[in-house]
2 protein chains.
Amino acid sequence: MPRSQRPKRAAPGARERKRRDLSRGKLIAAAIELIDARGAAAITMRSLGKAVGATPMALYNHFSSKRDILAAVADHVVSAAEFDGQHADWRDQVRHCFDVLRRLCLRHPGLPGLLEQGDAAPVSVFAPMEVTLRAFRQAGLDDIDSTRTYFLLVSFTLGQAAYQTRGPIAGLELSEQVRADRIAGRGYAVAERLELPPSWDFDASFDFGIALVLNGVEATVRRKAAGADPSSGR
Amino acid sequence: MPRSQRPKRAAPGARERKRRDLSRGKLIAAAIELIDARGAAAITMRSLGKAVGATPMALYNHFSSKRDILAAVADHVVSAAEFDGQHADWRDQVRHCFDVLRRLCLRHPGLPGLLEQGDAAPVSVFAPMEVTLRAFRQAGLDDIDSTRTYFLLVSFTLGQAAYQTRGPIAGLELSEQVRADRIAGRGYAVAERLELPPSWDFDASFDFGIALVLNGVEATVRRKAAGADPSSGR
DNA sequence: ACCTGAACACCGTTCAAGT
DNA sequence: ACCTGAACACCGTTCAAGT
């Protein structure tokens, strides 16, 4: 069919959108595969192009820049998660929400880096925020403190996941070896004689952190209630 | 004085060490200046070489790699800080310690990135750890929980400082504008109607986070004491 | 011992050219 | 509308050569 006889598209935007989305989807899938297999640093325009059998320059037809690609990847991964566990208890809701976020980060080790840096924060990051804020409101925390605590939990979760994924920063794991080589005799008396298990239990440490923060939330709520209405006990 | 008549060095290692340290010191100082002025990404072997009036390759006489330079910078910055406030109360000690760490990160915006990634963790990171572990031991927390809480506080402090320094991730600050454009009508009912002040008070939010964690520590200690010795009230 | 210049194998991105 | 190839201005690092 000669080009001139091709029917005008009734909804040109729709078709165009579809083709674009198909290619964008392929690229995003390839990018995730690359990140999961070889880390976020393995994504280059050249490697990603090769992964989909195209020239690096072909990518610029679908994304305006590398940053644009990383943002789309982050959005895709975060969007696919369900942060709302539908729990009646607000503590269970928060635990579930950050458990999901943490598993997401462990499954896609590049994700924390993508979210933290790269200006790649997608709209979908508001999903865990929404769940958490709702839970804290239920707990009796005001809007400001809820937001503050949400950011605290995000920093904690991303930090822990990054630490676990990347492996301990060189020389920062508290193995016997390190403590003998680098700490001994430098005035770090407590760190030197720390009694830790031979292997670090990341799951238990994560649960501990979440529980500690939730305890802190309860204490804050009680404190504020007492301060705002000292006669509530009457 | 002709070269052949120069006296043999009595302690060759010492003199050699001194010359090396001088050059290393110059390079570290130049690197910090570069980082503070233009961000950690501005450090390249070429830019750093130019800053000290030398070829990029000259740097390799004093550092084995770029990573080596960044580690030395991190160590220098962290070493200069005094994390021990000598406070009698363990809460004051912890507050002071992380206040110092936070100010360090705010003064040198590249530092969180240097510490988090880059495998650049210097031995000096054990200084704040030592202070914190000592404080938690005083509070009655065991070694494992102390270490867990220390890492929680580090993640929180670095995360908050990075967030404040870098400016909010694009589209993640909760301004009226963003909430109208990106949140409204997407099912984020709570986030949409959040009542926040027009400008975010980072100092107050940091204090809130620290206080919340300290409350959580107290609650954990009480809980463990009650569980371990239920008859303690007798 | 310290420094240099050229080179290598990479980057992200622009531009002109193809279909 | 989509893709390509060549090119540009960068990287960190190696190597051989200078003093």
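Keep in mind that what you see is a predicted model, and the values were worked out from it rather than measured. Lettering follows sequence order; numbering is per chain, from 1.
- Residue pairs meeting the salt bridge (charged side-chain N to carboxylate O under 4.0 Å, His left out) criterion with at least one partner in residues 143-161 of chain B, sequence neighbours excluded, are R137(B)-D143(B), D145(B)-R148(B), D145(B)-K224(B).
- Pairs of Watson-Crick or G-U wobble type, with distances under 3.5 Å, assemble into runs of 3 or more in DNA chain C at these ranges: C:4-8 with D:12-16, C:12-16 with D:4-8.
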Ignoring hydrogens and angles, write down the donor-acceptor pairs under 3.5 Å from the side chains of residues 27-42 of chain B, residues two or more places apart or on other chains.
{"residue": "D36(B)", "atom": "OD1", "partner": "H108(B)", "partner atom": "ND1", "Å": "2.9"}
{"residue": "D36(B)", "atom": "OD2", "partner": "H108(B)", "partner atom": "ND1", "Å": "2.8"}

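- For K50(A) and dC3(D), the NZ to C1' distance is 18 Å, given to the nearest whole Å.
- In this structure a side-chain-to-backbone donor-acceptor pair under 3.5 Å is missing from Q164(B) to L106(B).
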Return a table of donor-acceptor pairs under 3.5 angstrom between the side chains of residues 76-85 of chain B and protein atoms on other chains or two or more places apart.
{"residue": "S79(B)", "atom": "OG", "partner": "D75(B)", "partner atom": "O", "Å": "2.6"}
{"residue": "E82(B)", "atom": "OE2", "partner": "D84(B)", "partner atom": "N", "Å": "2.9"}
{"residue": "D84(B)", "atom": "OD1", "partner": "Q86(B)", "partner atom": "N", "Å": "2.9"}
{"residue": "D84(B)", "atom": "OD1", "partner": "Q93(B)", "partner atom": "NE2", "Å": "3.0"}
{"residue": "D84(B)", "atom": "OD2", "partner": "R134(B)", "partner atom": "NH1", "Å": "3.4"}

Carefully, step by step, assess L158(B) and C105(B) under the rule side-chain contact (heavy atoms from CB on, under 4.5 Å).
CA-CA 7 Å; L158(B) 296 190; C105(B) 292; 3.5 Å; yes
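- In this structure, the CG atom of N61(A) is 9 Å from the P atom of dT4(D), given to the nearest Å.
- S47(A) and T44(A) are linked by a side-chain donor-acceptor pair at a separation below 3.5 angstrom, with hydrogens and angles left out of the test.
- Contacts between residues 28-35 of chain B and DNA chain C, defined by a heavy-atom separation under 4.0 Å, are absent.
- Per the geometry, CZ belonging to F63(A) stands 16 Å off C1' belonging to dG12(C), to the nearest Å.
- The CZ-C1' distance, from R38(B) to dC10(D), rounds to 13 Å in whole Å.
- No donor-acceptor pair under 3.5 Å is formed between the side chain of R46(A) and the backbone N or O of P56(A).
- Under 4.0 angstrom from either OP1 or OP2 of dC10(C) there lies no side-chain N or O belonging to T44(A).
- Using a 4.0 Å heavy-atom criterion, one finds that L59(B) contacts no nucleic acid atom at all.
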Check nucleotides 13-15 of chain C against the protein and report each pair of N or O atoms closer than 3.5 Å, with its distance, or say if there are none.
{"residue": "dT13(C)", "atom": "OP2", "partner": "Y60(A)", "partner atom": "OH", "Å": "2.8"}
{"residue": "dT13(C)", "atom": "OP2", "partner": "K66(A)", "partner atom": "N", "Å": "3.1"}
{"residue": "dT13(C)", "atom": "O5'", "partner": "Y60(A)", "partner atom": "OH", "Å": "3.2"}

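- Atom CG of D68(B) and atom P of dG12(D) are 14 Å apart (whole Å).
- Contact check, H62(A) against dC3(D): a side-chain N or O comes under 4.0 Å of OP1 or OP2.
- Between F156(B) and F206(B), the ring planes lie parallel to each other; the angle is under 30°, not in the 30° to 60° tilted range.
- At distances below 3.5 Å, not a single donor-acceptor pair connects side-chain atoms of Q160(A) with backbone N or O atoms of F202(A).
- In terms of heavy atoms, P197(A) sits closest to I144(B) at CD-CD1, 3.6 Å.
- The aromatic ring centres of Y150(A) and F136(A) sit 6.0 Å or more apart.
- Here the side chain of A54(A) is nearest to one of dT4(C), dT4(D), dC3(D), namely dT4(D).
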